[in-house]
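Take a look at the structure below.
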Amino acid sequence: MGNSQSPPADPRFSSATRAFTQKDLEDLNSLFVSLAAQSKSNNAYISLSVFQAYFGLKSSLGERLFDLVTQQRKDNKLTFHDLVIAKSVYEKGTRDDIEEFIYQLLNVTGDGVVGRCDIESVLAAILRSIFSLEASNPRLNSHREIINVFLNAAKFSKVVEGAAEISMSFEDFRSWCALLPSIRKFLGSLLLPPNAGRLGSQVPHLVHGDNINPDLILLREEYAWHIGGALPHHELVEWKLLYHSAINGMSFNTFLGSTSNGEGPTILIIKDKDGYIYGGYASQPWERHGDFYGDLKSFLFQLYPKASIFKPTGANNNVQWCAANFSSESIPNGIGFGGRVNHFGLFLSASFDVGQTFTCTTFGSPCLSKTNRIFPEVIECWGIVQNEAQQEKLDAAKGEISAISLSMEALSHASDRK
């Protein structure tokens with residue numbers, strides 16, 4: 001099977017084959033034979049150019065991946081043994097194995113120092129791959145701004161003797177991946193067949209009416225890709241603009257009316273007068289409550305000048321807030337996420353002209369803006385469009401809840417009659 005010229009008794013290969021079923025190995029062999037044929041190598045190896053073309057990585061990132069898969073032999077020949085060994089580590093290994101491989105991948109120059117220039121190169125390659133941009137495309141200029149936004153979330157704390165710059169340590173890398181799950185997903189799926197459904201490559205289709213200037217919209221494609229890294233695949237198909245303050249005005253009641261028709265999750269985005277952009281993913285509809293509600297699927301995020309995602313820590317269940325027409329100071333009217341009353345992770349008052357953001361244990365998030373007190377300049381909300389299967393599942397779940405409620409009510413009445 002595969003390359004007849006590879007060493008016949010490689011213990012790493014023998015160990016690696018045990019991670020796969022016979023069918024998996026046959027599929028890998030078929031892939032190898034196909035790519036080796038394109039490499040014109042008489043079924044002996046896959047060349048760098050064919051490897052890059054197939055996996056869609058025509059950049060230094062692709063070269064570095066090829067270098068690691070070929071065990072850094074520098075002979076431009078990827079054997080069947082190489083492919084099986086790499087995939088056994090990269091796809092079937094422990095979390096530490098996989099992340100160590102990805103961490104080495106970031107060092108595109110191969111000098112042992114994961115510096116800022118390496119990360120810039122990797123980010124540029126990721127964006128070019130996902131958005132199918134050539135080097136001459138003018139959109140790359142806007143992508144450079146996005147690269148800086150992602151870089152601002154990175155930490156470089158490792159001092160390497162003789163190196164000109166501070167390096168990203170392995171722990172720095174793990175922390176960065178936790179804040180940017182879209183990047184972790186992308187880098188963790190590079191040896192999977194390239195297609196629209198490959199993890200880390202999905203970008204939701206953003207739908208909005210013709211009555212709004214696209215330049216006014218906060219949610220650009222790159223931001224949607226970033227937020228989508230924390231979401232399941234079925235929520236990355238289509239997002240629809242439900243509310244925008246430039247069209248609907250700064251109105252809490254209009255916001256609630258615009259978002260009440262949707263059954264699915266929503267994404268709230270705010271740009272404040274300091275230029276910061278941030279928001280939250282609400283897994284439950286925006287409905288009037290007198291206390292916190294929601295579930296641990298919700299999260300907070302930053303988009304500019306730094307991109308980060310903050311998922312629930314489990315410290316408490318103070319996830320989502322939506323209060324309207326309450327007269328008590330202990331129930332502030334408005335919408336928000338996390339923290340506690342009057343000390344929210346993110347909150348917009350019902351006037352929609354002022355809000356707050358504090359360090360929040362619910363999501364392990366910092367203050368999302370320059371100051372704790374925020375003054376919104378633009379507010380928009382996107383609805384995640386549910387496909388028919390998801391909607392049927394949601395309706396079925398609601399039906400079960402209704403049936404349980406009716407049963408409980410019947411039992412209560414029966415008890416009262418006794």
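Bear in mind that the values here come from a model prediction, so they are computed numbers and not experimental data. Nothing fancy with the numbering, it's 1 onward along the sequence.
A pairwise comparison of heavy atoms in Ala224 and Leu206 identifies CB-CD2, 4.1 Å as the closest pair. When every heavy atom of Ile183 is checked against every heavy atom of Trp225, the shortest pair comes out as CG1-CH2, 3.8 Å. Here the shortest heavy-atom pairing between Ile374 and Ser369 reads CG2-CB, 3.8 Å. Pairing each heavy atom of Leu191 with each of Ala86, the nearest pair is CD1-CB, 4.3 Å. Nearest heavy-atom pair across Ser260 and Gly257 is OG-O, 3.1 Å. Between Ile212 and Ile217, the shortest heavy-atom contact is CD1-CG1, 4.0 Å.
Using a 3.5 Å distance cut-off with no hydrogens or angles, the side chains of Thr362 and Asn318 do not pair a donor with an acceptor. For Asp111 and Asn107, the side-chain atoms include at least one donor-acceptor pair closer than 3.5 Å. The closest side-chain donor-acceptor pair between Thr94 and Asp96, if any, does not fall under 3.5 angstrom. Side chains of Ser121 and Ser60: a donor-acceptor N/O pair is present below 3.5 angstrom, by distance only. A donor atom on one side chain and an acceptor atom on the other are not found under 3.5 Å apart for Ser175 and Asp172.
Using a 4.5 Å cut-off on side-chain heavy atoms (C-beta onward), Phe66 and Leu57 make no contact. Between Asn316 and Phe292 there is no side-chain heavy-atom pair separated by less than 4.5 Å. Proximity of His226 to Leu180: side-chain heavy atoms (C-beta onward) are separated by under 4.5 Å at one or more points. Two residues are said to be in side-chain contact when any heavy atoms from C-beta on lie closer than 4.5 Å; Phe186 and Ser201 meet this criterion. You'll find the side chain of Ser59 reaches within 4.5 Å of the side chain of Arg128, heavy atoms only. With a 4.5 Å cut-off on side-chain heavy atoms, Asp27 and Leu31 do not count as touching. Side-chain atoms of Val84 and Phe32, non-hydrogen and from C-beta on, never get closer than 4.5 Å to each other. Side-chain contact between Pro332 and Trp321 is present, with at least one heavy-atom pair separated by less than 4.5 Å.
No more than 12 heavy-atom neighbours from other residues, nucleotides or ligands sit within 6.0 angstrom of NZ on Lys297. Summarising the local packing, NZ of Lys87 is surrounded by more than 12 heavy atoms from other residues, nucleotides or ligands at distances under 6.0 Å. Atom CZ of Arg373 is surrounded by 12 or fewer heavy atoms from other residues, nucleotides or ligands within 6.0 Å. More than 12 non-hydrogen atoms from other residues, nucleotides or ligands lie less than 6.0 angstrom from CZ of Phe156.
Between Tyr243 and Phe255, the angle of the ring planes goes over 60°, which puts this pair in the perpendicular group of the 30/60° scheme. Ring geometry for Phe101 against Tyr90 counts as tilted: the plane angle lies between 30° and 60°, on a 0 to 90° scale. Between Phe344 and Phe347, the angle of the ring planes stays under 30°, which puts this pair in the parallel group of the 30/60° scheme.
Interatomic distance, Asp67 CG to Arg73 CZ, rounded to the nearest 0.5 Å: 10.0 Å. For the atom pair OG of Ser39 and CG of Asn76, the computed distance is 8.5 Å after rounding to the nearest 0.5 Å.
When each of Tyr281, Tyr278, Phe363 is tested with Phe299 by the rule ring-ring contact (aromatic ring centres under 6.0 Å, His included), just one qualifies, namely Tyr281.
Between the side chain of Asn152 and the backbone N or O of Asn148 there is at least one donor-acceptor pair closer than 3.5 Å. When atom types are taken as modelled, the side chain of Gln356 and the backbone of His343 share a donor-acceptor pair closer than 3.5 angstrom.
Salt-bridge check for Arg184 with Glu99: passed, with a basic side-chain N closer than 4.0 Å to an acidic carboxylate O. Remark: Glu145 engages Arg220 in a salt bridge, criterion side-chain N to carboxylate O under 4.0 Å. Look at Arg64 and Asp118 and you find no salt bridge, because none of the NZ, NE, NH1 or NH2 atoms lies under 4.0 Å from a carboxylate O.
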